[in-house]
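Note that the structure is predicted; figures quoted are calculated from it, not measured. Proteins get letters first, then strands, A, B, ... in listed order; numbering begins at 1 in each.
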Amino acid sequence: MRLTREFFERDVLQVAPDMVGKILVRKSIGIHRHLITEVEAYSGIEDQASHARFGRTTRNSIMFARGGLVYVYLIYGMYWMLNVVTGPENHPQAILIRGLQGINGPGKLTKALGIDRTFYGEDLSTSGRIWIENGLEKPDFIQTPRFGIAYAGEPWKSKPWRYIRVQRPEIS
DNA sequence: GTAAGGATTGGC
DNA sequence: CCAATCCTTACT
């Protein structure tokens with residue numbers, strides 16, 4: 001079942017752990033479903049690791065919209081990063097999707113799914129080509145500091161806002 | 001207008 | 001370790 005906008009309109013630190021174990025659905029020629037295994041949360045203009053730290057700009061304006069929309073941007077001139085906007089309007093937050101089952105790395109997953117700038121602002125609650133569905137009931141996950149944002153300084157670079165799925169040992 | 005560097009990846 | 005590659009932001 002597709003997640004509604006209400007799911008994404010909560011605070012990013014509530015939504016991010018709930019994203020682990022959900023299913024990212026991409027429909028183009030055929031339909032593909034991918035288990036979300038790793039995400040990172042970026043929260044507010046005060047978060048010095050967030051693109052919203054300079055206030056509203058052309059690139060990050062979608063982060064200031066309500067939750068449930070897609071934020072896509074180009075990094076290092078070659079990789080598209082897929083993010084989901086969360087929270088209420090004018091409260092810039094986003095979740096970077098860093099990994100899917102079988103696809104590790106935020107740049108690799110957008111390439112594999114064919115996601116580019118045309119997805120900027122796409123509405124996950126109504127889009128016919130990308131959305132997120134309920135998945136695992138209660139997946140286990142661990143939290144670690146976010147990757148590649150050392151420039152943000154403390155306390156931001158140490159916030160445990162990276163969420164990674166871990167598989168519970170099978171019970172036999 | 002100009003310059004610096006990035007929420008990455010893969011190859012040496 | 002470091003280049004690829006181009007867009008965004010900061011600064012003159």
Whether each nucleotide of nucleotides 4-12 of chain B has a protein heavy atom under 4.0 Å at its base (B), only at its sugar-phosphate (S) or at neither (-) is summarised, 5' to 3', as --BBBSS--
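The closest side-chain donor-acceptor pair between Asp140(A) and Gln167(A), if any, does not fall under 3.5 angstrom. When only modelled atom types and interatomic distance are considered, Trp131(A) and Glu133(A) share a side-chain donor-acceptor pair under 3.5 Å. Side-chain N/O atoms of Glu40(A) and Tyr42(A) include a donor and acceptor closer than 3.5 Å. In summary, the side chains of His91(A) and Glu89(A) do not present any donor paired with an acceptor at a separation below 3.5 Å, with no hydrogens or angles considered.
Using bins of under 30°, 30° to 60° and over 60° for the plane-to-plane angle, the ring pair Tyr73(A)/His51(A) lands in the perpendicular bin.
The gap from the P atom of dG6(B) to that of dC1(C) amounts to 16 Å, rounded to the nearest Å. With P as the reference atom, dT2(B) and dT5(C) are 24 Å apart, rounded to whole Å.
Remark: Arg10(A) is positioned above the aromatic ring of Phe7(A), its terminal NZ or CZ atom under 6.0 angstrom from the ring centre and at most 45 degrees off the axis.
Checking the phosphate oxygens (OP1, OP2) of dT9(C), a side-chain nitrogen or oxygen of Thr57(A) falls inside 4.0 Å.
For DNA chain C, each stem of at least three Watson-Crick or G-U pairs (distances under 3.5 Å) is given as range with range: B:1-6 with C:6-11, B:8-11 with C:1-4.
Summarising the local packing, OH of Tyr151(A) is surrounded by more than 12 heavy atoms from other residues, nucleotides or ligands at distances under 6.0 Å.
The residues Asp47(A) and Arg146(A) are annotated as salt-bridged, a charged nitrogen and a carboxylate oxygen being separated by less than 4.0 angstrom.
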